[in-house]
Amino acid sequence: MVERYVMSIDQGTTSTRCILFDHQGRLVSVVQREHQQHFPRPGWVEHDAVEIWHTLQRVVPQALSHADVGPDEVAAVGIANQRETTVLWDPRTGVPLGRAIVWQDTRTGSLVEDLRSRPGDEFFLRRCCLAPSTYFSAPRIRWLFDHVDGLRQRAEDGEVLFGTMESWLIWNLTGGPAGGIHITDVTNASRTMLMNISTLDWDEELLEFFEVPRSMLPEIRPSAETYGTARSVIPGVRISAALGDQQAALFGQTCFAPGEAKCTYGTGSFLLLNTGTDLVRSRHGLLTTVAYKIEDQPAVYALEGPIAVTGALVQWFRDRLGLISSAPEIETLARTVENNGGCYIVPAFSGLYAPHWRSDARGVIVGLTSYITKGHLARAVLEATGWQTREVVDAMNADSSLALKVLKVDGGMTSDNLLMQFLADVLDVPVVRPMAVETVSLGAAYAAGLAAGYWPDLEVLRRNWHRAAQWLPDMAPERRQAEYADWKRAVERSLGWIAPPPPP
């Protein structure tokens, strides 16, 4: 059979999606299924890794069936995944040792504060370019060792494996307890606080500090490379790529040159700037991360600014306040007013990520007067995404000589034209959206297809990229700076909030 397609599995925070793409990067078939979110305590967010594996077992055959193809017509599969989410499992049985701790989870807050004072941020920044945060995987492993009886000893005895979601899925696809491959790629490994950002290997000093046995960790491999073949679900198909979801989106947006950047607007938002093979160490609150590594080529790095709450603020406006009945309605409501009426919302529901990294920050609404209507609030909700993006872009421009010239965007929020125009206005650069909206899945497919020879080089992938829409700046500089100053004052209120103690 001719290998006609490349498959992408996008294991995200709320769902798992399987897509088939053809040579032109066109979507041929897609199936998506949500999984349950577990919130056992305030600040805790968990997933059932077995449920996610069973979901993958359902969506992959359905995607093949919808396209009326068999596994022998698939050249390769690439996996994109929610990053930092931590899974521990027993290699003998394949049973997870509790639920997966999700990247949004903040239970490690007190541990992280201890790390920041002892040994301090610089110890970590020199090795992994990540300051301690509840965002990353290593503090979660350490927390589990400290709170689950016998787990540390089991790990030292070789009875525990660690992985992020791509490791868990690849291990199961390639045999599980019967010889499954235990690997991760450099993009996911770079988000654990355990990988040395220069050597691209597990760092012995970090492992010793967090007391993590090397034997429980997956082997670190390139992002695009054939790791092996699947033995279940899609038997015989090459597994040829793995990338964290945001690096996959950068790849899918064909941001292959230094200075090219993308931002994915979903539940949260993630802005990545390609810095090439130069490792730029941020001093302005950004993350230095691996963007991708193709087989034996040098790794490409990126600066990243994660924003915790963007689309989630629209969901809050809909579900908690009940001011709209569907997410798209927020644009219509926001257009009923000409501006925000002096009202600003800082959505620090569980702290602020880049460039502040303050888990103690809390959400605030400032500028409320009797003049404010729900239309003003709707506009403030959308503008919060724009101003948070501006803070990240300012930090990137300060860290790198690669000043942002164009921002490529993707994700569900990019259908909001008012928001996209506001982004162009506050960033003072063109904002462009591609024809292919599934950029995370497309990036994983592109990487897998490159490794499998389905596509010959990056230039072919560039030619597949087509612009669907563009927004140009159209705001007076004086207004831009005045409103940004108001936003910064609102952020100061958020950072100055004295949080009450958590409930017992």
Side-chain angles (χ1 to χ4, degrees), residues 263 265-269 271 305 307-349 352-356 361-394 407 409 411-431 471-497:
C263 192
Y265 289 97
T267 303
S269 294
L271 203 161
I307 304 169
V309 175
T310 51
L313 184 59
V314 177
Q315 295 170 345
W316 171 81
F317 194 75
R318 179 194 66 196
D319 300 337
R320 298 297 188 183
L321 299 189
L323 295 176
I324 54 176
S325 58
S326 65
E329 289 178 31
I330 195 163
E331 180 178 5
T332 303
L333 183 57
R335 288 187 182 276
T336 62
V337 295
E338 293 184 358
N339 53 52
N340 64 14
C343 180
Y344 294 84
I345 299 177
V346 182
F349 291 159
L352 290 173
Y353 284 1
H356 304 285
R362 288 297 178 267
V364 298
I365 303 176
V366 301
L368 282 179
T369 66
S370 58
Y371 171 73
I372 297 299
T373 67
K374 61 182 180 180
H376 295 106
L377 289 173
R379 188 172 280 264
V381 164
L382 295 180
E383 290 183 357
T385 291
W387 292 125
Q388 289 182 102
T389 304
R390 167 70 186 269
E391 286 191 303
V392 168
V393 169
D394 281 359
L407 181 64
V409 295
M413 295 186 79
T414 62
S415 62
D416 191 313
N417 291 296
L418 180 63
L419 172 58
M420 294 299 102
Q421 181 60 55
F422 186 74
L423 279 171
D425 287 340
V426 300
L427 300 180
D428 198 25
V429 300
V431 171
W471 295 266
L472 301 176
D474 186 28
M475 181 184 283
E478 297 80 8
R479 178 187 165 194
R480 181 186 304 117
Q481 290 308 110
E483 293 191 13
Y484 190 37
D486 290 340
W487 164 261
K488 298 292 279 187
R489 283 190 286 271
V491 171
E492 289 173 6
R493 299 280 187 91
S494 172
L495 296 173
W497 175 260

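Excluded from the calculations below are hydrogen atoms, water molecules and symmetry mates; all remaining heavy atoms, backbone and side chain alike, are included.
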One should read off an interatomic distance between Thr385 OG1 and Met413 CE, to the nearest 0.5 angstrom, of 3.5 Å

One should read off an interatomic distance between Arg320 CZ and Gln315 CD, to the nearest 0.5 angstrom, of 11.0 Å

request  = Would you indicate whether the side-chain heavy atoms of Arg489 and Val366 approach each other to under 4.5 Å?
outcome  = no

Judged by modelled atom types alone, do Gln421 and Asn417 share a side-chain donor-acceptor pair under 3.5 Å?
no

**Intermediate values then yes/no, side-chain contact (heavy atoms from CB on, under 4.5 Å), Leu352 and Val491** = CA-CA 9 Å; Leu352 290 173; Val491 171; 4.3 Å; yes

Task: Contact check, side chains of Leu382 and Phe422, non-hydrogen atoms, under 4.5 Å - done: no

Smallest heavy-atom separation, Leu427 atom then Arg390 atom, equals CD2-CA, 3.6 Å

- Query: Is Glu331 salt-bridged to Arg335, cutoff N-O under 4.0 Å?
  - Reply: yes

Value for CG (Asp425) from CE (Met475), rounded to nearest 0.5 Å, stands at 4.5 Å

Taking the side chain as every heavy atom from C-beta outward, state whether Val346 and Arg493 have any pair of such atoms under 4.5 Å apart. no

Taking every heavy atom of Gly375 against every heavy atom of Thr336, the minimum-distance pair comes out as CA-OG1, 3.8 Å

What one should report as the nearest heavy-atom pair of Gln388 and Val309 is NE2-O, 3.1 Å

Separation between OG1 (Thr373) and CG (Leu323), nearest 0.5 Å, reads 10.0 Å

Determine whether Thr389 and Ser269 satisfy the following criterion, side-chain contact (heavy atoms from CB on, under 4.5 Å), listing intermediate values before the conclusion. CA-CA 8 Å; Thr389 304; Ser269 294; 5.6 Å; no

Check: So do the side chains of Glu391 and His356 get within less than 4.5 Å of each other, counting heavy atoms only?
Finding: yes

Pro347 and Trp487 have their tightest heavy-atom pair at CD-CH2, 4.4 Å

On a heavy-atom basis, the closest approach of Val364 and Ala490 is CG2-O, 3.7 Å

With a 4.5 Å limit on heavy-atom distance, are the side chains of Val409 and Tyr265 in contact?
yes

Looking only at heavy atoms, the pair that brings Lys374 and Phe317 closest together is O-CZ, 4.0 Å

(request) Could you please spell out the steps behind the side-chain contact (heavy atoms from CB on, under 4.5 Å) verdict for Trp387 and Lys488? (result) CA-CA 9 Å; Trp387 292 125; Lys488 298 292 279 187; over 6 Å; no

Is there side-chain contact between Leu271 and Val393, with heavy atoms separated by less than 4.5 Å? yes

In plain terms, say whether Glu338 and Arg379 are close enough for a salt bridge, that is, a side-chain N and a carboxylate O under 4.0 Å apart. no

Rounded to the nearest 0.5 Å, the OG atom of Ser494 sits from the CD1 atom of Ile365 at a distance of 11.5 Å

Separation between CD (Glu383) and CG (Leu423), nearest 0.5 Å, reads 10.5 Å

Result for side chain to side chain contact (heavy atoms under 4.5 Å, CB included) between Leu377 and one of Ile330, Val337, Leu368 points to Leu368

